[in-house]
Amino acid sequence: QVQLVESGGGLVQPGGSLRLSCAASGFTLDYYAIGWFRQAPGKEREGVLCISGSNGSTYYADSVKGRFTISRDNAKNTVYLQMNSLKPEDTAVYYCATGPYYYCSAYGPNLGDYDYWGQGTQVTVSS
């Protein structure tokens with residue numbers, strides 16, 4: 001049974017950092033792309049990062065480029081999202097997801113390409 005579990009969210013001040021984890025079970029991470037999505041209150045869920053299968057190619061949305069880093073530890077079957085220089089507009093529930101594809105789309109993670117989702121973890125950036 002495919003399962004994704006996010007952790008690491010919380011409350012942080014602007015300019016601070018958080019590291020989110022996405023622990024996978026029921027499948028081997030290095031064969032599939034993993035996307036990170038976020039959904040702010042009153043807004044649609046948006047794809048912000050993706051990491052491909054074992055070759056590790058990545059996609060970053062412009063809104064997070066230079067501040068967020070996605071990485072994977074295949075031995076732990078876990079993907080990480082390091083978030084630095086956080087801004088209030090980063091406040092959202094963050095979700096990791098996977099689907100049938102090995103590579104990330106060059107146009108960013110698309111909701112329809114992902115079949116399995118974690119429960120989400122809340123990130124709040126506020127002073």
Side-chain angles (χ1 to χ4, degrees):
Q1 181 180 356
V2 174
Q3 190 172 14
L4 297 167
V5 178
E6 302 97 336
S7 61
L11 173 64
V12 63
Q13 292 186 342
S17 298
L18 282 174
R19 189 176 81 155
L20 306 185
S21 299
C22 172
S25 60
F27 72 105
T28 303
L29 263 184
D30 50 346
Y31 295 148
Y32 301 98
I34 301 294
W36 279 99
F37 295 77
R38 66 185 182 184
Q39 188 165 18
K43 295 188 176 181
E44 293 185 353
R45 194 172 297 188
E46 62 170 344
V48 288
L49 306 102
C50 181
I51 187 165
S52 296
S54 56
N55 80 344
S57 61
T58 56
Y59 168 87
Y60 292 84
D62 288 343
S63 58
V64 303
K65 202 171 292 184
R67 301 187 298 122
F68 290 11
T69 303
I70 189 171
S71 61
R72 65 194 307 145
D73 184 336
N74 290 335
K76 295 183 178 180
N77 224 31
T78 300
V79 170
Y80 300 101
L81 174 53
Q82 178 66 44
M83 305 187 295
N84 298 328
S85 302
L86 282 160
K87 304 175 181 180
E89 52 264 44
D90 294 318
T91 295
V93 178
Y94 284 73
Y95 301 88
C96 62
T98 193
Y101 302 111
Y102 180 90
Y103 289 106
C104 297
S105 167
Y107 304 102
N110 177 35
L111 284 171
D113 292 339
Y114 292 81
D115 302 314
Y116 300 97
W117 294 80
Q119 82 287 352
T121 186
Q122 175 71 47
V123 171
T124 303
V125 185
S126 175
S127 55

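If you're wondering where the values come from, they're calculated on a predicted model, not measured in any experiment. Heavy-atom basis, side chains included; hydrogens, waters and symmetry copies ignored.
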Please check: side-chain N/O of [X] versus main-chain N/O of [Y], any donor-acceptor pairing under 3.5 Å?
| X | Y | value |
| --- | --- | --- |
| S21 | A23 | no |
| T98 | A33 | yes |
| Q13 | S127 | no |
| E6 | Q119 | yes |

Measuring from [X]:[atom1] to [Y]:[atom2], what's the distance to the nearest 0.5 Å?
| X | Y | atom1 | atom2 | result |
| --- | --- | --- | --- | --- |
| L49 | C96 | CG | SG | 12.0 Å |
| Y107 | D113 | OH | CG | 13.0 Å |
| F68 | T58 | CZ | OG1 | 14.5 Å |
| I51 | C22 | CD1 | SG | 11.0 Å |

Determine the minimum heavy-atom distance between [X] and [Y], stating which atoms define it.
| X | Y | value |
| --- | --- | --- |
| S126 | P14 | C-CD, 3.6 Å |
| G47 | A61 | O-CB, 4.3 Å |
| P109 | V48 | CG-N, 4.1 Å |
| T69 | Y60 | CA-OH, 3.5 Å |
| K43 | Q39 | O-NE2, 3.2 Å |
| A24 | L29 | CB-CG, 3.9 Å |

Salt bridge K65-D62, side-chain N to carboxylate O under 4.0 Å:
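Salt bridge flag = yes for D62 with K65.
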
Residues forming a side chain to side chain donor-acceptor pair (under 3.5 Å) with S52, sequence neighbours excluded:
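Applying side chain to side chain donor-acceptor pair (under 3.5 Å) to S52 gives S57.
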
Full working for side-chain contact (heavy atoms from CB on, under 4.5 Å) between M83 and V12:
CA-CA 11 Å; M83 305 187 295; V12 63; over 6 Å; no

hydrophobic_cluster_shared for [Y] and [X], side chain cutoff 4.5 Å:
| X | Y | value |
| --- | --- | --- |
| L20 | Y80 | no |
| Y59 | Y103 | no |
| Y31 | L4 | yes |
| V5 | Y116 | no |

So do V79 and I70 actually touch side chain to side chain, heavy atoms under 4.5 Å?
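Answer yes - side chains close enough.
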
Can you tell if the side chain of R38 reaches within under 4.5 Å of the side chain of T91, non-hydrogen atoms only?
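No. Closest side-chain heavy atoms not under 4.5 Å.
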
Should we count [atom1] of [X] as having more than 12 external heavy atoms under 6.0 Å?
| X | atom1 | answer |
| --- | --- | --- |
| E89 | CD | yes |
| Y102 | OH | yes |
| F27 | CZ | yes |

Please identify which of these residues, T121, L86, T124, meets the side-chain contact (heavy atoms from CB on, under 4.5 Å) condition with L18.
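Exactly one candidate clears the test, L86.
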
Considering only Ile, Leu, Val, Met, Phe, Trp and Tyr, and joining two whenever side-chain heavy atoms are under 4.5 Å apart, list the other residues clustered with L111.
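Besides L111, the hydrophobic cluster comprises F37, V93, Y95, Y114, W117, listed by chain and residue number.
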
